[in-house]
Every structure is written in structure tokens, then in C-alpha cells.
Asker: 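Okay, handing you the structure first.
Lettering follows sequence order; numbering is per chain, from 1.
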Amino acid sequence: MAESPITARGKDFATWYQDVVLAGDMAEPAEIVKGCMVIRANGYAVWEALQRELDARFKATGHQNMYFPLLIPKSFLEKEAEHVEGFSPELAVVTIAGGKELEEPYVIRPTSETIIGHFFAKWIHSWRDLPLLVNQWANVIRWELRTRLFLRTTEFLWQEGHTAHATHEEALEEVLRMLDVYADVAENVMAMPVIKGLKTQSEKFAGAVSTYSIEAMMQNGLALQAGTSHDLGQNFGKAFDVKFQNKEGQLDYVWQTSWGVTTRLIGAMIMTHSDDKGLVLPPKVAPTKAVLVPIYRKDEERSAVLEAASKIATDIGAKLDDREGQSPGAKFYHWERRGVPVVLELGPRDLASGNVVLKRRDTGVKEVAPQQGIAARVPAVLDRIQADLFAAAKQRLDENTVYANSIEEVEDILRPVSAEKGGGRFVMAHMKDDARCDARIKEFKATIRCIPLVDHCEGPGKCIVTGESVDRRVVIAKAY
RNA sequence: CGGGGCGUAGCGCAGCCUGGUAGCGCACCUGCCUUGGGCGCAGGGGGUCGGGCGUUCAAAUCGCCCCGCCCCGACCA
């Protein structure tokens, strides 16, 4: 097993994250107060970019956006036994309103299966009403014991899709279709490779028949669940009496799905790409893709440089940083911290030579390019950065994925080697989807992340805990 | 709820042990100067030292009590 290059983002990753990436208002994506997020301009613009990409795909697959109430009667939650059991500990409950004790308390939505189930029951009567494909962009509250900016906050923003279908087959297709949409956005927009897989029964969503997820690896080797898609079976259909008459004239409960991604994606992206200098954003989500910094000394230079800079900035759609009273150096650092993929420099020297200097945020490499054709060069460089970021992350994932053939070997691989490297690896081993196996892995402070949809190697083998035959290896890792 | 730590200027901190009228860096304001990777110099504004009580001639500093925050563990997108 080769020593991985990710130790610099090891145990002390939280400190790095806090001090470097989120340092005060230097990078200004967000801050946290009382476990809740304040997302500032730079961070929110990233979220908007993700929303655009996701929403376009939801629409393309026939979904409609709707909005449902924030406050849900507590009794709704109680209709599905597993659901209420899973969410009870983290509910925020409203018991007083309008100065009076409420007859029935409301919960602030931790997720909307129940209230949407309530409305589905009113709206669905016939097979002709199906499938019903709904998405909601909203905030939710989950009272977690421990919060971490972007990764786990009391309140977070997300999208939750909720669909109802006439058959289980069709519902399952939807579950996998949306999982594919998430993987597509993660890999092709966020430049973050993911593993698609099925959660074990112990790890599934409370109230689901089965849960699928995409799992990503952060720079320190820890896993992060980046999106989930649930097959709800008829559990909520039965709980909320969502019945329809099928083509044969018989009554049946609908088959439902739900799926979501959250503002955690922003954190995932930061921890996948950023470095000690601050944010590194993939061009496709970067709020500002290119900035041009003009450089001049004297007044006569100033007007000539600014005129040329303004023209070039307009041509390539870059932001012109013409702030007075800031040195060029200060401006370079400013944009570097904020993760702007490309920063261009234009000074008297370039004016004379007809060139412009172009610097990549990801590699730090500078190139001198002719002003002629820069409008085509910048997009090409942005594409290249996007591709290189993905490739680097993929390589990191591959290099830190190892195979184990016994439980001892798993333990050995996951054992913290040093303070920096807290066992941050993906371990592939044959394991059965059995609570005993999940429990055994938890002893190493790790979890079975998923049973990959695509067999990554070798095929069948014997479970390293129960000895039973299983058809493929699962992903085991420590996680955020 | 356990185990640690911290509250002093907008932010980050020193001062506390050994009480004596509050300081540094960054940021901010003014002027000059500079600008190809955080310019420099000079001047300036800004603080009920988390709160209360006590000890003392005198408390940021010592004692007691409260309050708040952060980190680590248990819960999780």
C-alpha cells in the first residue's frame, strides 16, 4: 500500500477547513452560528449554480417544482412507524403559537414525505394520475448533536424529490434515474468522482424499503455521503392511504420514491478541491470564472491599461478588477482565496507585446497568451481545469481504495496510522447486508458506506464476518 | 450529557502566575508614496477587559457564583 499524498488534509482537516477556507470573511462562503448557516454571497452563488444544474435535469426528466408547508402536524410523522422512530430525536417542535399552547404541536419539517403523502392522497385517484413527479426546493431542520459548517448544520437547504408510481418496477427505475442525475452532477459539474451504491438495511432512510447513495472521498480519505435516493415501496402509501384504481379497476397503494441533495454539496466540493491557499472551485460552479487584474504605475499607463483591460474583460466575459487603492498583489490574493479558476494580468509590458498573462488557480501555473484569440483561450483553459480537477480527485480515490479479505485486514487498514492520517481509506471487502456486519465495522469507527451498483472487482466471495456467499465487495470507510 | 479549552477594540491575540489606571498584529480613517504576488512611511479613531458579588487603598489580574462560546465523543444529509 503506497503512502497516499493526502496526509496534509488529515486529522487536522477541520482546522484547515476553518482556518484556511472559511477564515473570517476572507473567503466568505459562509459562517455558522448556533449550528445554523449564514451563507454569504460567494457561497450562495455556488449553491445557485448547483441548483441550476440540478433543476434543469429534474425538469428534463419530467419533474415539477412545488412547495409544501414548513410546519407539519406532529401526528403526520407518527403515521409511519420507522419514520417517526428515525426522526424523533432530531425534531424541532412548535408547541406554542399566537401566545397559546397548541392543541396539536407542529414539527418543523425534517423532510417532507409525510406532508406530501397527505397531499398525494388527495390528488391521486386513478392510474391516469400517475406517475406524479414532484420536487421541492426548501430548508429543513434537524436537531443534530454536533454540527459542522456545510456538512451537518441544524438548518440546511436542499431539494427533495417525491414521486408516486403505479408499480414497484417503475418506482425503482425512478430511484436509479435520480441517483444517476446526482452522479452526473457530482462528476461532471462538481468534478467530484462518486461511487453509486445501495445502503445496507442498517443505514437506510427511516421508512424506506431501500436507500441508494452516492459516496465521495474527501482529500483526507474520509467518505462523505453526497446524495440519496430512496425506494419507499408502499410504506408511505399505506401510512397516508394513497390509493389509486389501476387499469384492471382494482385499488392499490402507490409506490413512492424520494431523493435529495443538500448544501452539504458545497462542503463536499470544498473538501475535494480546495488547498491551503483557500477555495478551489470547479469552473462550472464558480460564481466568477475569470478576473482580469490591470497593472499600471503612472497615470498615462493607467488609462491605456484600463482601456485595453476593459475591452479584453468584456470580450472574454471576465470581471475587471479596477478597484483603486489596492495593489495588484493584493488583488491576486483576494481572488485566489475565493477560488476564481482563472486570473488574468494585463500591464504595460503586455500592452507592448500584445499578450496577456493567464494564471490557473488549480495548478498555479502562469501562461503568456496573445491578446488575439484570448476569448477562445480562456474557455479552453476553464474546460481543462474542470477536467484536471476531476482527474486529480479520481486518482486520489483510486489510490486510496484498497482491498481486504479478512476482518483483521479491514481493521488494520482503518487503524489510524498517525494523527494526520486517521485511517482515511475506502476498503473493499466482501460483506453481507446484515446488522451483525454493520456492527462489526462500527467497532473500527467506520461504516459500510454502500454496496456498489457496479461490481468494482472480482465478483462473488465469502462474507468476511458471516462466511456466507455474497456477490460483490462493499465499500467500508470512516465518514464525516 | 460526559471530557478538554476559551471569553480583553470589527477580527486574531498578549497581559493574569507575581494586583498599580490596558497593549500588539490585521482591518479602518487622513496625508505622502508605491503598484508584474498581501507596498512603505507618518499621523489618527476605536475597549462598561462576558456578568455579578467579594477581598484590597487599588482588580483584566486574586476568590466565589452565574452566563456565553469553541473543540473532542454519542445522533446524522
Asker: So if I take every side-chain heavy atom of K445(A) and compare against rA74(B), rU35(B), rA77(B), which nucleotide ends up nearest?
Answerer: rA74(B)

Asker: For F58(A) and W137(A), take the angle between the two ring planes, folded into 0 to 90°, and tell me which bin it lands in: parallel under 30, tilted 30 to 60, perpendicular over 60.
Answerer: tilted

Asker: Check the orientation of W259(A) and H63(A). Use parallel for under 30°, tilted for 30 to 60°, and perpendicular for over 60°.
Answerer: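 Plane angle over 60°, so perpendicular.
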
Asker: Give Y296(A) one of three labels, base, sugar-phosphate or nothing, depending on what nucleic acid heavy atoms sit under 4.0 Å from its own.
Answerer: base

Asker: On RNA chain B, check which nucleotide each of L145(A) and G35(A) is closest to and give me the residue with the more 5' one.
Answerer: G35(A)

Asker: Could you tell me which nucleotide pairs with rC6(B) by Watson-Crick or G-U wobble geometry, both distances under 3.5 Å, or answer none if nothing does?
Answerer: rG68(B)

Asker: Which nucleotide wins on minimum distance to the side chain of K366(A), given the candidates rG37(B), rG36(B), rA77(B)?
Answerer: rG37(B)

Asker: Find the distance L306(A):CG to rG36(B):P and express it as a whole number of Å.
Answerer: 15 Å

Asker: Taking the same atom, C1', in rG68(B) and in rU21(B), what whole-Å distance lies between them?
Answerer: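 So the two C1' atoms sit 28 Å from each other.
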
Asker: For the residue pair Q225(A) and S213(A), confirm or rule out a side-chain donor-acceptor distance under 3.5 Å.
Answerer: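 Judged by distance alone, the side chains do not pair up.
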
Asker: Scan every strand shown for a Watson-Crick or G-U wobble partner of rG20(B), both distances under 3.5 Å, and answer none if you come up empty.
Answerer: rC57(B)

Asker: Base, sugar-phosphate, or nothing: which does Q225(A) touch, judged by heavy atoms less than 4.0 Å apart?
Answerer: sugar-phosphate

Asker: Taking the C1' atom of each, how far is rC32(B) from rU48(B), in whole Å?
Answerer: 38 Å

Asker: Using a strict 4.0 Å threshold on nitrogen-to-oxygen distance, state whether D55(A) and K59(A) make a salt bridge.
Answerer: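 Looking at K59(A) together with D55(A), the answer is yes, because their closest N to O distance falls below 4.0 Å.
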
Asker: Could you please name the option among rG36(B), rA77(B), rG37(B) that lies closest to any side-chain atom of R142(A)?
Answerer: rA77(B)

Asker: Using the P atom on both, measure rG50(B) against rU56(B) and round to a whole Å.
Answerer: 24 Å

Asker: Among the candidates rG37(B), rC75(B), rU35(B), find the nucleotide nearest to the side-chain atoms of Y333(A).
Answerer: rG37(B)

Asker: What is the distance, to the nearest angstrom, from the CH2 atom on W335(A) to the C1' atom on rG37(B)?
Answerer: 16 Å

Asker: Please state the C1' separation for the pair rC17(B) and rA59(B) - nearest whole angstrom.
Answerer: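 To the nearest whole Å, 15 Å.
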
Asker: Using atom C1' of each nucleotide, how far apart are rC11(B) and rC28(B) to the nearest Å?
Answerer: 12 Å

Asker: When the distance from CG of L179(A) to P of rA77(B) is rounded to whole Å, what number comes out?
Answerer: 15 Å

Asker: Check every atom of rC75(B), rA77(B), rG36(B) against the side chain of P328(A) and return the nucleotide holding the closest atom.
Answerer: rG36(B)

Asker: Would D412(A) and R415(A) pass as an ion pair if we require N to O under 4.0 Å?
Answerer: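 Salt bridge: yes.
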
Asker: Any base atoms under 4.0 Å from T262(A), or only sugar-phosphate, or nothing? Heavy atoms, all strands.
Answerer: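 Counting heavy atoms under 4.0 Å across all strands, the contact made by T262(A) includes a base.
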
Asker: Say whether, by atom type as modelled, one donor and one acceptor occur between the side chain of R109(A) and the main chain of T114(A) under 3.5 angstrom.
Answerer: no

Asker: Applying the 5.5 Å / 30° rule, does F156(A) stack onto the base of rA77(B)?
Answerer: yes

Asker: Distance check, P atoms only: rA58(B) and rC16(B), in whole angstrom units.
Answerer: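 Nearest-Å result for rA58(B) against rC16(B) at atom P: 22 Å.
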
Asker: Does atom CH2 of W158(A) have more than 12 heavy-atom neighbours, drawn from other residues, nucleotides or ligands, at distances under 6.0 Å?
Answerer: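 Result for CH2/W158(A): enclosed.
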
Asker: Can you tell me if the side-chain N/O atoms of R297(A) get under 4.0 Å from OP1 or OP2 in rU35(B)?
Answerer: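 Answer is yes, contact under 4.0 Å.
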
Asker: Take atom CH2 of W143(A) and atom P of rA77(B), then tell me their distance rounded to the nearest Å.
Answerer: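 Distance check: W143(A) CH2 to rA77(B) P gives 18 Å.
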
Asker: Select base, sugar-phosphate, or nothing to describe what T153(A) touches, counting heavy atoms under 4.0 Å on all strands.
Answerer: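 If one applies the 4.0 Å heavy-atom cut-off, T153(A) turns out to touch a base.
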
Asker: Partner of rC28(B) by Watson-Crick or G-U wobble geometry, both contacts under 3.5 Å, or none?
Answerer: rG44(B)

Asker: Please measure how far the C1' atom in rC53(B) lies from the corresponding atom in rA9(B), and state the result in whole Å.
Answerer: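 One C1' to the other, the span is 27 Å.
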
Asker: Base, sugar-phosphate or nothing for G347(A)? Non-hydrogen atoms, less than 4.0 Å.
Answerer: base

Asker: Within the structure shown, what part of the strands sits under 4.0 Å from V293(A) by heavy-atom distance: base, sugar-phosphate, or nothing?
Answerer: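 Result for V293(A) = nothing.
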
Asker: Under the 3.5 Å rule, do the base of rG37(B) and the side chain of K331(A) count as making a donor-acceptor pair?
Answerer: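 No, no donor-acceptor pair under 3.5 Å.
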
Asker: Could you give the NZ-to-P distance, from K204(A) to rA77(B), as a whole number of Å?
Answerer: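 Rounded to whole Å, this separation is 13 Å.
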
Asker: Using atom C1' of each nucleotide, how far apart are rA22(B) and rG47(B) to the nearest Å?
Answerer: 9 Å

Asker: What integer distance in Å separates K478(A):NZ from rG73(B):P?
Answerer: 11 Å

Asker: May I have the distance from E113(A) (atom CD) to rA77(B) (atom P), rounded to whole angstrom?
Answerer: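 Value for this atom pair: 12 Å.
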
Asker: Under 4.0 Å between a side-chain nitrogen and a carboxylate oxygen: does that hold for D275(A) and R361(A)?
Answerer: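 Result for this pair is yes, salt bridge flagged.
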
Asker: Could you state the atom-to-atom distance from CG of L344(A) to P of rG37(B) in whole Å?
Answerer: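 To the nearest whole Å, that distance equals 16 Å.
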
